K.L.:
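Questions regarding the structure given below will be posed in turn.
Letters go in sequence order (proteins before strands), and every chain restarts at 1. This structure is a prediction, so every number in the text was calculated from the model and none was measured.
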Amino acid sequence: MKPAAGDSSSALVQVRGVEKYYQRGTERVHVLEELDLEVKRGEFLALMGPSGSGKSTLLNLIGGLDRPSRGSVTVAGERMERLDERGLAAWRARHIGFVFQFYNLLPALTAARNVELPLLLTLLGRADRRRRVELALSIVGLGHRLKHHPAQLSGGEQQRVGIARAIVTDPTLLLCDEPTGDLDRTSGEAVLDLLHTLCRQHGKTIIMVTHDPHASARADRTVFLYKGRIVDAIPA
Amino acid sequence: MKFASLIVANLLRRKLRTGLTLVSVTVAFILYAYLSAIRVGLSQGVDVAGADRMLVWHAVSLAQPLPLSYLDRIKRIPGVDLVVHQSWFGGIYQNPRNFFAQMPVDPEPFLRMYPEFLLPEAQKQAWLRTRTGAIAGRATAERFGWKVGDRIPLQTGIWTKQDGSMTWEFDLVGIFDGAKQGTDTTPFYFRYDYFDETRRIGKGLVGWYVVRVTDPDLAPQVARAINEEFANSSAEVKAESEKAFLQGWAKQVGDIGTILTAILTAVFFTILLVAGNTMAQSVRERTEELGVLKAVGFTHEQVLGLVLVESCLLSGLGAAVGLGIGRVLTAAGDPTGGALPVFFFPPRDMVLGAGLGVLLGLASGALPAWQAMRLRVADALRRG
Ligand SMILES: Nc1ncnc2c1ncn2[C@@H]1O[C@H](COP(=O)(O)OP(=O)(O)OP(=O)(O)O)[C@@H](O)[C@H]1O
Ligand SMILES: [Mg+2]
């Protein structure tokens, strides 16, 4: 059902036999079971499923925020179980951009400072960082909002700042956990347009968790997750 | 440095809380400066005592006089470089509350014995010329607004003059400064020859001797030799180093130093809780933000560092401001009007205070920083 294992050149993300469980007292809570998934370079993938089905957990594993209990996750040829905590952090900084449902901007910082955060970990000088920040904010259509604080921006604008922060390091992979979940239709549409553009024109690979069929319709492919397994369709 | 704006922004996000914490830390360090100065005042002179100077007094008590004739006998003891005598006058200037020490001395050797008293040469010559001449330390001269040329009357209940009068008048011929910050510049010295000639009783007696040895290492031997020289005489003596003497005095004042340390410990413990609570709250309400930092690639150690720098900045700033204000306030001098003639905030305690500020920052930030470091991104963001 999937391309052969040898054909990995086009697969940016390879999830193989991944299991994830949490120990709750004596009880073992299985969140993901025997999970296989491949995402091609430049693909826009939607991940759907009921609440608690493990979507965020899977996204965290792919983004290197968490480790699987069993199985392997390979992104851009890097097997993540081989990286230690510090290596994982550096790897995240270089390859992954996260977009969160609640934007998660730092309220104390201006839009520009928020977008600059991931660049603080690079060797770029102040002027280069500034240029990159301005470019990222202009890509999301907020070139005129550099000095605004999150509280002075609408939800849709905050999410676009969040996206600018995710793309400012020019990562290969964007992981978006319900990016439109907290937005009205119009703002949500604008964010989806933006993600679509980033995929098509800037060659970003995107994995987007969503509950919204409108949103998943914009993706190249939709994967359904149900009780920790990938299924063809969500049982009614 | 590029993280500076991040750290500063975090401190400024709750301005009131940060401000109140800062004020608490500042007040604690002002208190620290004051208590340090008080401690210096209580152990006055110990730090600046000459290592090569010894005091020789009557074996029975400091209040018992010694014959002036001992001077030459002490001089002859090997290892003795210089000997001077001093006596207690105990006069009252206008009002008993205006306390300061007054002592008759022999000017020339006295000034050689105490090089830390800086007296202009012309004033020294004037003192040698004027039998009724006296010199006062800068602190006392300023306290009473004395100028060279003033006549200083002192009342006494002990030293009746030949003419039956109890008021002694001295001509102020000089004002001396201290060579070091801890030098006591409150005493008042006048000439022994004038004193001894004019007083009705106690002629030929002095209060105690100050002996300078040629080599500080010889001090114990010289002390022993002096004690032996006057053994079995009518007035046996006890020799002790100046430092030991002053320390003994400081002990008598009571273990106030211990009490001061206890107070400071309590203050700093409280401040630790205040600053620690501020940092803990600040980290707790930023859980998601710290999670985001880690998500974008900050390592656990970097997040730990951010929180620690933040808490050190908070405590350090409070310490710096507090020590600065404390320095300015204590520079005004003795707040008790005479009880603490030496009163200043020593640089050594200032450095110690700065270290204490950093320590406070580390201690108050340690637990929150550790929690921030241990925070797992997935858990931190789950709460959103
Ligand atoms: N640290 C944890 N300890 C125990 N159980 C956990 C932990 N993290 C997640 N889970 C459980 O794993 C399951 C999947 O969680 P996950 O957040 O991946 O779901 P989701 O599909 O993203 O749901 P939603 O649509 O509500 O965001 C849930 O049942 C959750 O309770
Ligand atoms: Mg989720």
K.L.:
Out of curiosity, B/R376 CZ to A/L65 CG, how far, rounded to the nearest 0.5 Å?
P.N.:
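These two atoms lie 9.5 Å from each other.
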
K.L.:
Drop me the distance from A/F98's CZ to B/L381's CG, to the nearest 0.5 angstrom.
P.N.:
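So the CZ of A/F98 and the CG of B/L381 are separated by 8.5 Å.
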
K.L.:
Could you tell me the separation between the CG atom of A/L117 and the OG atom of B/S5, rounded to the nearest 0.5 Å?
P.N.:
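The OG atom of B/S5 is 8.5 Å from CG of A/L117, to the nearest 0.5 Å.
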
K.L.:
Where do A/R126 and B/K2 land on the side chain to side chain contact (heavy atoms under 4.5 Å, CB included) test, with the steps shown first?
P.N.:
CA-CA 8 Å; A/R126 182 192 288 266; B/K2 53 189 175 184; over 6 Å; no

K.L.:
With distance as the sole test, does A/R165 use its side chain to make a donor-acceptor pair with the main-chain N or O of B/V296 at under 3.5 Å?
P.N.:
no

K.L.:
As a quick check of understanding, evaluate side chain to side chain contact (heavy atoms under 4.5 Å, CB included) for A/R86 and B/E301, giving each step before the final call.
P.N.:
CA-CA 9 Å; A/R86 192 183 298 239; B/E301 292 78 14; 3.8 Å; yes

K.L.:
Look up atom CG in A/L88 and atom NE2 in B/H300, then write down how far apart they are to the nearest 0.5 Å.
P.N.:
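Nearest 0.5 Å value for the CG-NE2 distance: 8.5 Å.
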
K.L.:
Considering non-hydrogen atoms only, spot the tightest contact between B/A378 and A/D66 and give its length.
P.N.:
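Looks like CB-OD2, 4.1 Å.
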
K.L.:
Report which part of A/I96 has an atom under 4.5 Å of a heavy atom belonging to chain B: side chain, backbone, both, or neither.
P.N.:
neither

K.L.:
Of the non-hydrogen atoms in A/A89 and B/T299, which two are nearest, and what is the gap between them?
P.N.:
CB-CG2, 3.7 Å

K.L.:
Can you list the steps and then say if B/V377 with A/N60 is a side chain to side chain contact (heavy atoms under 4.5 Å, CB included)?
P.N.:
CA-CA 9 Å; B/V377 195; A/N60 287 344; over 6 Å; no

K.L.:
To the closest 0.5 Å, what do you measure between CE (B/M373) and CD (A/E85)?
P.N.:
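Result: 10.0 Å between the selected atoms.
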
K.L.:
Please report the closest heavy-atom contact between A/F100 and B/V292, naming both atoms and the distance.
P.N.:
CE1-CG2, 4.1 Å

K.L.:
Taking atom CZ as the centre, does B/R13 end up with more than 12 heavy-atom neighbours from other residues, nucleotides or ligands that are less than 6.0 angstrom away?
P.N.:
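Above 12, so yes.
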
K.L.:
Under 4.5 Å heavy-atom distance to chain B, tell me which part of A/T122 shows up: side chain, backbone, both or neither.
P.N.:
backbone

K.L.:
So which heavy atom on B/G297 is nearest to which on A/A93, and how close?
P.N.:
CA-CB, 3.9 Å

K.L.:
Looking at B/R286, I want to see if its CZ is surrounded by more than 12 non-hydrogen atoms of other residues, nucleotides or ligands under 6.0 Å.
P.N.:
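Counting other residues, nucleotides and ligands, CZ of B/R286 exceeds 12 neighbours.
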
K.L.:
Show the numbers, then the answer: is there a side chain to side chain contact (heavy atoms under 4.5 Å, CB included) between A/L121 and B/Q302?
P.N.:
CA-CA 10 Å; A/L121 301 168; B/Q302 278 169 324; 3.5 Å; yes

K.L.:
Side chain, backbone, both or neither: which part of A/T169 has a non-hydrogen atom closer than 4.5 Å to chain B?
P.N.:
neither

K.L.:
Of the backbone (N, CA, C, O) and the side chain (C-beta and beyond), which part of B/L12 lies under 4.5 Å from a heavy atom of chain A, both, or neither?
P.N.:
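Looking at B/L12, nothing touches chain A.
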
K.L.:
What closest approach, in Å, do A/N104 and B/E288 show between heavy atoms, and which atom pair accounts for it?
P.N.:
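Shortest heavy-atom separation between A/N104 and B/E288 comes out as ND2-CB, 3.6 Å.
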
